[in-house]
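Structure first, then comments.
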Amino acid sequence: MKQSKLLIQTYREAPRDADVISQQLMMRAGMIQKLAAGIYDYLPLALRSIRKFEEIVREELVRDGCQELLMPVVQPRELWDESARWQFYGRELLRLKDRKDADFCLGPTHEEVVTDIVRKIIKSYKQLPINLFQIQTKFRDEIRPRFGLMRGREFIMKDGYSFHVDDADADREYWRMFEAYKRIFARLGVKFRPVEADSGAIGGSFTHEFHVLAGSGEDAILSCNACEYTSNAEKTEAPGLPFGYASEPVLDLKRAHFHTPGIIAMEEQAKAFRDAEHNGLPLDHASKFYLYRATRGDATWDAGLVLRSDHDPNTVKLKNLIGADSIDLVPLEEAEKRAGTKSGFIGPVDMDVSMYVDRSLEGAYNLTCGANQEGYHHFGFKPDRDLKQMKGFHDLRMAREGDVCARCGKGTYEAFRGIEVGQVFKLGTKYSQAMSCVFSDEAGHERPMVMGCYGIGITRTIAAVIEQNYDADGIIWPWPVAPFHVHLVSLDSNKPEIASVANRAESDLEAAGFQVLHDDRDGLSPGVKFKDADLLGMPLRLTVGAKGLKDGIVELRDRRTKEVTKIKPEDVVAAVKAHRERTNHEGTK
RNA sequence: CGGGAUGUAGCGCAGCCUGGUAGCGCACCUGACUGGGGGUCAGGGGGUCGCAGGUUCGAAUCCUGUCAUCCCGACCA
């Protein structure tokens with residue numbers, strides 16, 4: 001492909017409203033343009049990457065017996081009424097009317113349609129299981145689209161749905177898709193992690209997210225360095241920790257009642273404690289207390305959370321533990337009123353509230369806590385002894401980097417940031433029941449199919465690849481999704497001897513199956529072409545110029561390492577092949 | 001939905017406060033020079049200043065409304 005004919009415009013600066021690196025680079029490299037908020041044109045360069053990733057996805061799914069189909073973007077309201085999602089989906093669902101005033105929506109996902117397809121065709125257990133997928137444009141009318149392709153309103157997604165006779169078979173398929181996804185992202189050539197998104201669930205529905213690791217990722221992830229356990233930091237199990245001061249004699253709560261006038265910060269409070277043995281206390285010798293208000297339906301109640309003061313509360317865990325729909329901190333003024341003292345001195349002792357204590361405090365004693373008296377703290381707090389409405393020790397804190405893995409007990413957690421690009425999810429019978437997607441089992445009884453669903457954000461993944469692979473000069477494409485493999489730059493491309501060598505290299509490489517973008521543009525200085533090549537980020541740059549040709553060589557440059565190899569023009573194909581063998585991430589190992 | 005900001009050529013910006021011929025850089029076109037990291041010179045084309053209304057002899061500039069975009073938050077998962 002001659003660059004002089006390619007639909008592309010590169011920019012020295014990114015548009016002002018491009019706020020993440022992938023969006024800036026894709027716009028500067030002429031891959032995408034914004035048409036409206038969260039809606040982008042995919043220009044030829046971008047589409048080449050998108051198509052390549054789609055093909056990887058397609059191949060791996062078809063290998064596992066999945067069948068591709070294509071469902072409509074525009075969907076009738078009737079289907080969405082059956083699942084009740086017309087009512088519950090909210091304004092993210094873009095609704096529209098046709099000329100007859102009938103209601104339609106743009107599909108944000110396709111559970112209804114695929115369930116409708118299957119219920120019309122599949123009647124017997126003999127036809128199950130079946131796994132269907134499509135690669136198609138979706139529309140979600142996000143309140144606030146941002147981050148370019150990472151959270152657009154219109155995006156391309158692979159969505160797959162499987163149908164089964166029972167839970168066990170749906171589980172089997174779940175893990176098969178899990179493995180297929182691992183192969184897909186491995187072939188893509190990026191660093192990624194499958195992440196447990198709902199760690200505690202037993203049986204029933206469970207789900208994994210696949211994250212591309214990138215410093216700019218929205219989600220914090222903790223991963224054990226010894227076992228497979230990887231989860232969203234919000235959900236990561238935190239280990240209990242031993243009490244580090246077990247050699248101290250157990251003190252009575254009220255014995256050491258110490259003065260902390262006007263000291264609010266946790267660190268300062270702990271430091272303020274002094275007695276014969278202590279000159280200030282470390283944070284893990286102090287406790288802190290939060291008063292939460294929980295709601296479920298119309299019911300509202302309060303719950304107390306006690307933690308080591310160097311730990312952060314995990315409200316998701318507390319919410320799940322006490323079975324609330326949502327929880328929030330009790331407003332400070334109200335908490336002060338309940339405790340009868342000011343913020344900074346509020347403590348759990350004597351408070352008439354159910355108390356949930358983080359398990360890192362199991363066996364702990366001689367802790368500090370607010371004395372519910374302005375200017376005072378207790379030293380000698382022992383939760384299981386001193387809390388009247390003690391509801392036990394539980395995992396209620398945020399796990400953090402360096403904690404011992406709560407699963408295997410051997411490794412420790414490492415922290416990553418990730419971009420969620422895929423999800424495997426066991427749906428159960430939610431849609432099949434609502435929409436009567438049933439089959440006859442061996443006994444002739446009608447049963448709802450058990451469903452799974454499996455998504456990969458295609459365009460988001462391409463953006464995530466860039467978030468993970470770039471430098472100050474531009475994009476660094478991994479081989480499998482690079483728009484072209486080789487960026488052939490001819491300098492002084494109007495000179496016949498250069499053009500002939502360059503054109504020869506281009507056709508040789510193409511004949512050998514490589515995709516070449518040939519910068520044959522006339523009259524541009526070398527610097528311009530090099531800058532463009534770096535920005536566009538093809539894995540290899542092949543430079544043909546008078547300087548090298550004088551010595552009978554052309555130069556092959558690795559975009560990632562910037563390493564330059566001087567080779568004879570006739571060795572170009574062999575050199576590119578060697579490079580591909582060395583760096584191509586394709587393969588399922 | 002709450003708070004904040006911005007709309008001037010394809011992109012990045014100045015001009016607005018203090019009303020008077022619409023500017024700069026990049027990109028584009030012509031020519032010459034140059035030729036290994038966004039090169040130089042000369043010439044050129046392109047803008048109803050987001051839109052509507054108002055004030056004024058006169059509005060990019062002041063006023064009102066409106067639309068769009070972006071940021072923070074809330075919401076959602």
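Each chain gets a letter, A, B and so on, in the order its sequence line appears, and its residues count up from 1. The model shown is predicted, which means the values in this text are computed figures rather than measured ones. Atom set for the values below is all heavy atoms of this structure, side chains included, hydrogens, waters and symmetry mates excluded.
Nucleotide B:U21: unpaired (no Watson-Crick or G-U wobble partner with both distances less than 3.5 Å). Pair assignment for B:G58: none, as no Watson-Crick or G-U wobble contacts are both less than 3.5 Å. In this structure B:C41 sits in a base pair with B:G31, meeting the Watson-Crick or G-U test at under 3.5 Å. Remark: B:G36 base-pairs with no nucleotide in the shown strands. Criterion, Watson-Crick or G-U wobble with two distances under 3.5 Å. In this structure, B:A52 forms a base pair with B:U64, meeting either the Watson-Crick or the G-U wobble geometry with both donor-acceptor distances under 3.5 Å. Pair check for B:C76 finds none; no Watson-Crick or G-U wobble contact set falls under 3.5 Å.
Of all nucleotides listed (B:G38, B:C70, B:G36), B:G38 comes nearest to the side chain of A:K531. The listed nucleotides are B:G36, B:C76, B:U69; the one nearest the side chain of A:D17 is B:U69. With B:G12, B:G36, B:U69 as the candidates, the nucleotide lying closest to the side chain of A:K34 is B:U69. Closest to the side chain of A:D532, out of B:G38, B:C70, B:G36, is B:G38. The side chain of A:A37 lies closest to B:U69, out of B:U69, B:G38, B:G37. Comparing B:U69, B:G35, B:G10 by their nearest atom to the side chain of A:Y11 picks out B:G10.
In this entry the distance linking NZ of A:K550 with C1' of B:G36 reads 11 Å, nearest Å. The separation between A:N494 atom CG and B:C33 atom P is 12 Å, rounded to whole Å. Spacing between atom CD of A:E218 and atom C1' of B:C76 amounts to 12 Å, rounded to whole angstrom units. Here B:G37 presents its P atom at 17 Å from NE2 of A:H487, a figure rounded to the nearest Å. The distance from atom CZ of A:R146 to atom P of B:A74 is 10 Å, rounded to the nearest whole Å. With rounding to whole Å, A:K529 atom NZ is found 14 Å from B:G39 atom C1'. Regarding A:R85, its CZ atom lies at a distance of 14 Å from the C1' atom of B:C76, rounded to whole Å. A:L93 has its CG atom 16 Å from the C1' atom of B:C75, to the nearest Å.
To the nearest whole angstrom, the two C1' atoms, one in B:U21 and one in B:U66, are 31 Å apart. Comparing the P positions of B:U55 and B:G73 gives an interatomic distance of 43 Å, to the nearest angstrom. The separation of B:C28 from B:C67, taken at their P atoms, amounts to 38 Å, rounded to a whole angstrom. Distance check on atom P: B:G53 versus B:U61 gives 14 Å, rounded to whole Å. Of the P atoms belonging to B:C51 and B:A68, the separation is 15 Å, rounded to the nearest Å. As rounded to the nearest Å, B:C29 and B:G46 have P atoms that lie 16 Å from one another. Nucleotides B:G50 and B:G7 are separated by 8 Å at their P atoms, to the nearest Å. A distance of about 30 Å separates the C1' atoms of B:G36 and B:G43, rounded to the whole Å.
Here A:K138 pairs with A:D159 under the salt bridge (charged side-chain N to carboxylate O under 4.0 Å, His left out) rule; sequence neighbours left out. With sequence neighbours excluded, the residues that form a salt bridge (charged side-chain N to carboxylate O under 4.0 Å, His left out) with A:D471 are A:R559, A:K562. Residues satisfying the salt bridge (charged side-chain N to carboxylate O under 4.0 Å, His left out) test with A:K568, not counting sequence neighbours, are none. For A:S22, the side-chain hydrogen bond (donor to acceptor under 3.5 Å, both in side chains) criterion is met by A:E467, not counting sequence neighbours. Under the ring pair (Phe, Tyr, Trp, His ring centres under 6.0 Å) criterion, A:H394 pairs with no residue at all, not counting sequence neighbours. Checked against side-chain hydrogen bond (donor to acceptor under 3.5 Å, both in side chains), A:H518 has the following partners two or more places apart in sequence or in another chain: A:S490, A:E506. Residues forming a salt bridge (charged side-chain N to carboxylate O under 4.0 Å, His left out) with A:R77 (at least two apart in sequence, or on another chain): A:D81, A:D103. A:Y174 is linked by a ring pair (Phe, Tyr, Trp, His ring centres under 6.0 Å) to A:F206, A:H208, counting only residues two or more places apart in sequence or in another chain.
Closest approach of A:A434 and A:S83 over heavy atoms only: CB-CA, 4.2 Å. In plain terms, the two heavy atoms of A:V113 and A:P72 that are nearest each other are CG1-CD, 4.1 Å.
Between A:L491 and A:A14, it is A:A14 whose nearest contact on RNA chain B lies nearer the 5' terminus. Comparing A:T543 and A:E234 by the nucleotide of RNA chain B whose heavy atom lies nearest to each, the residue mapping closer to the 5' end is A:T543.
For A:R28 against B:G10, no side-chain N or O and base N or O form a donor-acceptor pair under 3.5 Å. The base of B:G37 lies close enough to the side chain of A:R541 for a donor and an acceptor atom to sit less than 3.5 Å apart.
When A:V190, A:V465, A:N469 are each tested for a side chain to side chain contact (heavy atoms under 4.5 Å, CB included) with A:V212, only one passes: A:V190.
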How does each nucleotide of nucleotides 1-9 of chain B score, in 5' to 3' order, for protein heavy atoms under 4.0 Å: base (B), sugar-phosphate only (S), or none (-)?
B----S---
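The backbone N or O of A:G30 lies less than 3.5 Å from no partner atom in the side chain of A:T10, so there is not a single donor-acceptor pair.
Contacts of residues 455-476 of chain A with RNA chain B (heavy atom under 4.0 Å): none.
A:R140 comes within 4.0 angstrom of nothing in the nucleic acid, heavy atoms only. Residue A:G90 is out of contact with every strand shown, counting any heavy-atom pair closer than 4.0 Å.
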Mind running salt bridge (Lys or Arg N to Asp or Glu O under 4.0 Å) on A:D167 and A:K426 for me, showing each step along the way?
CA-CA 9 Å; A:D167 264 345; A:K426 196 174 140 197; 3.3 Å; yes
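Contacts classified as side chain to side chain donor-acceptor pair (under 3.5 Å) and involving residues 23-35 of chain A (residues at least two apart or in different chains) are given here: A:D17-A:K34, A:Q23-A:Y40.
Between A:D492 and A:K495 there is a side-chain heavy-atom pair separated by less than 4.5 Å.
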Name the pairs: protein N/O against N/O of nucleotides 25-28 of chain B, kept only if under 3.5 Å.
| from | atom 1 | to | atom 2 | distance (Å) |
| --- | --- | --- | --- | --- |
| B:A27 | O2' | A:Q9 | NE2 | 3.1 |

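For the OP1/OP2 pair of B:G35 and a distance below 4.0 Å, the side-chain nitrogens and oxygens of A:K547 include no atom meeting the criterion.
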